[in-house]
Amino acid sequence: MVTIRLTNSMTRRKEDFQPINRDRVGMYVCGPTVYDRAHLGNARPVVVFDTLYRLLRNEYQPDHVKYVRNFTDVDDKINAEAQRRKAAGRPESLEALIRERTEETIAWYHADMDALGALRPDVEPRATEFIGAMIAMIEGLIAAGHAYEAAGHVLFRVRSYRNYGALSGRSVDDMIAGARVEVAPFKEDPMDFVLWKPSDADLPGWDSPWGRGRPGWHIECSAMSYELLGDSFDIHGGGLDLQFPHHENEIAQSCCAHPQGGFARYWLHNEMLQVEGKKMSKSLGNFFTVRDLLGQGIPGEVIRFVFLMTHYRSPMDWTAEKARQAEATLRKWHRVLTGVAPTRPDDVVVHALADDLNTHGALQALRGLYDRLEDVRKVEAYGHPNDRSSLAESGDAIEGRFVASAQLLGLLLAGGDAWIGAGVDLAPYTARLTALREAAMASKDFSAVDALKSALTAAGVEVRMSKAGVELLPGPGFDASKLEALQ
RNA sequence: GGCGGGUUGGCGGAGAGGUUACGCAGCGGAUUGCAAAUCCGUGAAGACCGGUUCGAUUCCGGUACCCGCCUCCA
């Protein structure tokens with residue numbers, strides 16, 4: 001049992017993680033608004049918290065961890081897309097078109113995040129499934145004096161919660177002083193935020209004590225975390241951009257609605273993603289989705305590896321060079337370890353992860369383990385019997401530990417090696433090249449050997465020739481169709 | 001303008017007040033029909049200016065630059 005330490009945004013310190021109940025560790029992570037394909041930035045918290053989820057499952061048993069990640073399916077951008085389809089002549093109701101859009105987006109999201117080796121959370125609630133819970137929570141907040149109705153809206157009374165700003169380190173007065181936001185005239189205080197807002201006939205809405213309307217953005221996470229994890233739970237995560245105002249508002253709502261509970265005990269925020277040193281944005285033209293990368297032939301496992309190279313609390317820069325390095329390393333590992341069954345994760349890897357999710361350190365530990373594996377294999381193959389018997393553990397044992405450790409990071413997952421071309425049988429080409437080479441050795445005319453070698457290289461095959469013989473391996477850009485042309 | 005985070009060798013990226021991080025790339029060598037792969041070896045850093053200290057890349061202060069949030073763009 002290792003002590004997991006996590007940097008708690010609330011205290012700004014690295015703390016020992018002690019779950020409320022070690023038989024039921026709860027984690028809530030803010031999920032996507034399902035209006036379009038997930039972009040690469042959306043994928044970072046998914047990988048970060050998937051890695052934490054895997055670590056928690058390893059430490060507390062898989063069925064003792066409950067991971068909740070929501071789908072926000074109430075949103076103006078979703079409405080806009082549905083209205084666009086309606087305007088284009090679709091006969092279905094607006095609600096049906098909204099459902100259609102969110103359904104297809106969720107399916108994309110699942111496919112893309114699956115490709116990154118992310119486990120599905122235990123529960124993936126949709127906001128629209130918890131409207132009743134949100135209304136009940138809002139009613140409670142009004143009854144307790146923490147919210148008020150004004151001009152068809154319900155607003156949270158920020159001044160009624162003394163600790164407002166504790167998470168993000170802001171004071172209400174400072175924020176008002178520096179505010180650049182236009183303040184709605186019906187607000188008691190500029191910082192008050194919307195819990196419920198009215199919907200007109202062109203927008204989706206639900207009946208409520210305040211008329212037909214829809215929830216504000218923040219209340220869904222408060223309602224869903226309460227329903228699914230209770231008034232006190234262990235970990236709440238999300239991107240740093242959510243720290244304020246989203247998480248601050250969640251805290252205010254939840255703590256005022258359920259003063260008996262402590263809400264989330266450990267707040268984790270991942271830093272943002274950049275692309276080639278700049279913020280990813282549509283205006284800079286460096287905006288792309290996870291699907292874009294997958295479509296370019298960059299495997300999800302490579303994307304994940306690149307993410308893991310950077311600590312989650314540092315800004316992460318996506319570069320083509322990193323992807324290249326990650327792919328090279330993964331190919332090396334896959335070649336040796338494909339098909340190896342996992343045993344138990346390596347202590348060094350687990351300790352790295354337990355130290356505030358030091359994924360970079362964990363990858364370094366894996367490199368070290370790989371080096372040790374090669375050394376042991378050499379001794380096993382060429383060493384004296386005395387050397388062999390003195391080995392602390394066999395190569396097979398190290399391999400099992402390596403794979404278990406990699407899988408703790410979401411790498412080298414079972415069935416996840418198709419992209420390296422492991423399924424293609426290169427033996428016929430190996431035999432042909434070997435035969436040509438043996439003939440060339442005698443004739444000293446290597447032109448036929450070089451021709452075949454070039455063709456194989458062009459098909460993305462790595463050609464290795466040594467005294468021991470010829471070895472062919474699928475390499476970067478491996479293309480089985482080009483190979484067939486050589487038949 | 002307010003608040004927060006950061007700045008390490010060509011690139012990525014750590015720990016530690018004094019000892020080689022490490023990986024990739026580079027360079028030298030071994031090996032190879034040639035390459036590739038592999039192995040051995042190797043140079044290279046701590047944004048800038050001060051301070052504390054016997055000694056700082058590591059602690060403190062300032063400057064510059066970068067990033068994020070403050071705007072329902074993760």
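In what follows, chains carry the letters A, B, and so on, assigned in the order in which the sequence lines appear, proteins first and then strands, with residues in each chain numbered from 1.
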Original post:
Is the shortest heavy-atom distance from the side chain of A/Lys187 to the side chain of A/His153 under 4.5 Å?
Top reply: no
**OP:** Give A/Glu462 one of three labels, base, sugar-phosphate or nothing, depending on what nucleic acid heavy atoms sit under 4.0 Å from its own.
**Re:** sugar-phosphate
Original post:
Does A/Pro32 or A/His311 map to a spot on RNA chain B nearer the 5' end, using the closest nucleotide for each?
Top reply: A/His311
**OP:** Measure the distance from CE on A/Met191 to C1' on B/U71 and round it to the nearest whole Å.
**Re:** 12 Å
**OP:** Please confirm whether any donor atom in the side chain of A/Lys77 sits under 3.5 Å from an acceptor in the base of B/C73, or the reverse.
**Re:** no
**OP:** Compare side-chain N and O positions of A/Lys322 against OP1 and OP2 of B/G23 and report whether any pair is under 4.0 Å apart.
**Re:** no
Subject >> Sugar-phosphate, base or nothing in reach of A/Met272, heavy atoms under 4.0 Å >> reply: base
Original post:
When the C1' atoms of B/U53 and B/G61 are considered, how many whole Å apart are they?
Top reply: 16 Å
Original post:
Is the shortest heavy-atom distance from the side chain of A/Tyr226 to the side chain of A/Phe130 under 4.5 Å?
Top reply: no
**OP:** For A/Phe244, answer base if it contacts any base atom (sugar-phosphate contacts may also be present), sugar-phosphate if it contacts only those atoms, and nothing otherwise; contact means non-hydrogen atoms under 4.0 Å.
**Re:** sugar-phosphate
**OP:** With heavy atoms under 4.0 Å as the rule, sort A/Asp450 into base, sugar-phosphate or nothing.
**Re:** base
**OP:** Using a 4.0 Å heavy-atom cut-off across all strands, classify A/Thr310 as base, sugar-phosphate, or nothing.
**Re:** sugar-phosphate
Original post:
Touch check for A/Val449, heavy atoms < 4.0 angstrom, all strands: base, sugar-phosphate only, or nothing?
Top reply: base
Original post:
Counting any heavy atom closer than 4.0 Å, what does A/Lys453 reach on the DNA or RNA strands: base, sugar-phosphate only, or nothing?
Top reply: base
**OP:** Look through every strand shown and name the nucleotide pairing with B/A16 as Watson-Crick or G-U wobble, where both distances are under 3.5 Å.
**Re:** none
Subject >> Candidates B/A74, B/C24, B/C67 - which lies nearest the side chain of A/Gln274 >> reply: B/C67
Subject >> Between B/C69 (P) and A/Gln243 (CD): distance, integer Å >> reply: 12 Å
Original post:
Which part of the nucleic acid, if any, lies within contact of A/Arg313, taking any heavy atom under 4.0 Å across all strands shown: a base, the sugar-phosphate backbone alone, or nothing?
Top reply: nothing
Original post:
With A/Phe71, which of A/Trp108, A/Tyr109, A/Tyr35 fulfils ring pair (Phe, Tyr, Trp, His ring centres under 6.0 Å)?
Top reply: A/Tyr109
Original post:
OP1 or OP2 of B/C72 sitting under 4.0 Å from any side-chain N/O of A/Thr72?
Top reply: no
**OP:** Round to the nearest Å and state the distance from A/His360 atom NE2 to B/G12 atom C1'.
**Re:** 7 Å
**OP:** Just name whichever nucleotide pairs with B/U63, Watson-Crick or G-U, keeping both distances under 3.5 Å, else none.
**Re:** B/A47
**OP:** Name the nucleic acid region contacted by A/Glu374, choosing base, sugar-phosphate or nothing; use a 4.0 angstrom heavy-atom cut-off, strictly under.
**Re:** sugar-phosphate
Original post:
Does A/His39 get its side chain close enough to the base of B/A74, under 3.5 Å, for a donor-acceptor pair?
Top reply: yes
**OP:** Assess whether one donor atom and one acceptor atom, taken from the side chain of A/Asp317 and the base of B/G12, lie less than 3.5 Å apart.
**Re:** no
Subject >> Whole angstrom value for the distance that separates C1' of B/G13 from CD of A/Gln325 >> reply: 10 Å
Original post:
Base, sugar-phosphate, or nothing for A/Arg367, non-hydrogen atoms under 4.0 angstrom?
Top reply: sugar-phosphate
**OP:** Return the orientation label for the A/Trp267 and A/His247 ring planes: parallel under 30°, perpendicular over 60°, tilted otherwise.
**Re:** tilted
**OP:** Under 4.0 Å between any heavy atoms, over every strand shown, what does A/Gly361 touch: base, sugar-phosphate, or nothing? Just pick one.
**Re:** nothing
Subject >> Distance-only side-chain donor-acceptor flag, A/His246 / A/His218, under 3.5 Å >> reply: yes
Original post:
When we call it a touch if two heavy atoms are under 4.0 Å apart, what does A/Leu273 touch: a base, just sugar-phosphate, or nothing?
Top reply: base
Original post:
B/C39 base to A/Lys378 side chain: any donor-acceptor pair below 3.5 Å?
Top reply: no
**OP:** Would you mind telling me which residue lines up with the more 5' stretch of RNA chain B, A/Val74 or A/Ser168, judged by nearest nucleotide?
**Re:** A/Ser168
